[in-house]
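We number each residue from 1, following the sequence as shown.
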Amino acid sequence: MGAGPLLEGRIKQIFTASLSPLVRLLASAGLHPNTISLVGVLLSGTAGIMYSVGLFLPAALLVAASGICDSLDGLLARSSGKASSYGAFLDSTLDRVGEVLVFLGLAWFFSSGSSHYSQSPITVFFIILAIEGSFMVSYTRARAEALGISCMEGLMQRPERMVLIIGGSLLGSLAAIGVVAIQITIYCLAVLTNLTVVQRIIHTRNEMTRKSHPYPSNGKRDCQS
């Protein structure tokens with residue numbers, strides 16, 4: 001294992017440990033993990049509203065709070081013995097909804113905008129690409145795992161996407177940089193999420209070749225999501 005994965009694992013351990021007191025508090029209050037998941041998507045929706053009117057700093061803080069909820073629900077589910085397949089399904093589904101709400105807010109800002117300066121059809125185009133890329137990152141993993149292949153490859157998994165958009169939003173709140181920082185962030189998200197999709201496609205193909213993994217018996221290579 002290289003230094004990168006070791007460092008990432010260590011950061012995750014520290015972050016998880018820092019949330020332990022809050023997890024115990026929520027568990028003692030009898031709060032259900034699904035409630036935390038719902039709070040997370042509400043925070044993302046509120047962040048989307050903030051983005052739509054150009055309030056990038058509160059939007060960044062709300063996205064960060066939503067990310068904390070995304071970690072809390074899983075930790076709470078495991079510590080309280082309430083982990084379930086449905087809970088995992090709901091959490092993953094609401095994560096996608098939350099991402100769309102954030103991107104919708106950005107699309108609104110750059111389509112109608114708070115000022116003529118912020119109107120940018122090309123940025124809206126890249127927002128659509130970023131939405132497509134984010135969904136396909138999740139979809140390619142799900143399809144690979146349905147074929148019995150672990151697929152965690154790529155640069156832009158959900159935590160990395162959240163860190164990038166939070167960082168870009170914080171920079172976007174600075175008057176000297178402003179909207180340009182948000183635009184650069186969107187362009188990076190659009191490119192890197194789709195690059196991650198390509199990485200996962202190649203990884204899955206290589207794994208299937210290595211294992212001589214057959215296609216399903218019905219011979220179909222496509223699948224309805």
Side-chain angles (χ1 to χ4, degrees), residues 1-13 15-16 33-34 36-37 40-41 44 63 66-78 82-103 126-166 185-225:
M1 183 179 292
L6 284 173
L7 179 59
E8 182 179 348
R10 182 59 180 161
I11 292 173
K12 185 175 181 180
Q13 284 181 342
F15 179 68
T16 300
N34 290 350
I36 304 297
S37 299
V41 78
S44 292
V63 171
S66 175
I68 291 173
C69 286
D70 191 29
S71 297
L72 279 175
D73 55 12
L75 294 171
L76 180 60
R78 289 187 289 273
K82 295 179 180 178
S84 67
S85 297
Y86 174 73
F89 164 80
L90 180 65
D91 179 37
S92 179
T93 301
L94 292 179
D95 285 347
R96 305 290 84 73
V97 173
E99 282 194 87
V100 169
L101 292 175
V102 167
F103 283 124
F126 274 94
I127 289 170
I128 295 170
L129 281 181
I131 295 172
E132 172 268 330
S134 297
F135 270 69
M136 287 303 297
V137 167
S138 176
Y139 180 78
T140 49
R141 175 182 174 181
R143 288 299 299 131
E145 290 180 348
L147 295 169
I149 297 170
S150 176
C151 190
M152 300 287 287
E153 305 299 307
L155 298 169
M156 279 287 119
Q157 299 186 67
R158 178 168 164 77
E160 288 80 3
R161 296 198 298 273
M162 294 190 73
V163 168
L164 181 56
I165 198 165
I166 291 168
T185 299
I186 291 167
Y187 300 156
C188 289
L189 279 168
V191 172
L192 295 177
T193 52
N194 282 283
L195 177 59
T196 299
V197 172
V198 173
Q199 289 178 299
R200 290 188 169 186
I201 291 171
I202 294 172
H203 168 76
T204 302
R205 181 200 63 186
N206 291 342
E207 285 297 296
M208 292 184 73
T209 300
R210 185 177 66 84
K211 296 180 179 180
S212 298
H213 200 296
Y215 287 109
S217 58
N218 60 13
K220 295 182 179 179
R221 296 182 59 174
D222 59 339
C223 179
Q224 298 296 321
S225 58

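With sequence neighbours left out, Arg96 forms a salt bridge (charged side-chain N to carboxylate O under 4.0 Å, His left out) with Glu99. For the salt bridge (charged side-chain N to carboxylate O under 4.0 Å, His left out) test, no residue two or more places apart in sequence or in another chain qualifies with Glu132. Scored by the side chain to side chain contact (heavy atoms under 4.5 Å, CB included) test, Val97 finds Val41, Leu101 as partners (sequence neighbours excluded). Listed by chain and number, the residues in a side chain to side chain contact (heavy atoms under 4.5 Å, CB included) with Leu155 are Leu192, Leu195, Thr196, Gln199 (sequence neighbours excluded). Shown here are the salt bridge (charged side-chain N to carboxylate O under 4.0 Å, His left out) partners of Asp95, two or more places apart in sequence or in another chain: Arg158. Listed by chain and residue number, Asn34, Ser84, Phe89, Leu90 satisfy the side chain to side chain contact (heavy atoms under 4.5 Å, CB included) test with Tyr86 (two or more places apart in sequence, or in another chain).
Between Asp91 and Ser37, the shortest heavy-atom contact is OD1-OG, 3.8 Å. Of all heavy-atom pairs spanning Arg141 and Cys151, the tightest one is CG-O, 3.3 Å. When every heavy atom of Ala144 is checked against every heavy atom of Thr204, the shortest pair comes out as CB-OG1, 3.6 Å. In this structure, Phe126 and Ala190 approach most closely via the heavy-atom pair O-CB, 3.4 Å. Scanning all heavy atoms of the two residues, the minimum distance from Leu147 to Met208 falls at CD1-SD, 4.1 Å.
Judged by distance alone, the side chain of His203 and the main-chain N or O of Ser150 form a donor-acceptor pair under 3.5 Å. Side-chain atoms of Ser44 come within 3.5 Å of backbone N or O of Gly40 as a donor-acceptor pair.
Rounded to the nearest 0.5 angstrom, Leu189 CG and Ile131 CD1 are separated by 11.0 Å. To the nearest 0.5 angstrom, Leu75 atom CG is 11.5 Å from Ile68 atom CD1. Atom-to-atom distance recorded for Ser138:OG and Gln157:CD is 10.5 Å, nearest 0.5 angstrom. Here the straight-line distance linking atom CD1 of Ile186 with atom CG of Leu164 works out to 10.0 Å at 0.5 Å rounding. Rounding to the nearest 0.5 Å places CG of Leu94 at 11.5 Å from SG of Cys69. Atoms OG and CD1, from Ser66 and Ile36 in turn, are 11.5 Å apart once rounded to the nearest 0.5 Å.
The shortest side-chain heavy-atom distance between Val197 and Ile201 falls under the 4.5 Å cut-off. The shortest side-chain heavy-atom distance between Met162 and Val63 falls under the 4.5 Å cut-off. At least one side-chain heavy atom of Arg200 sits under 4.5 Å from a side-chain heavy atom of Val137. Looking at heavy atoms from C-beta onward, Leu76 lies out of side-chain contact with Lys82 at the 4.5 angstrom threshold.
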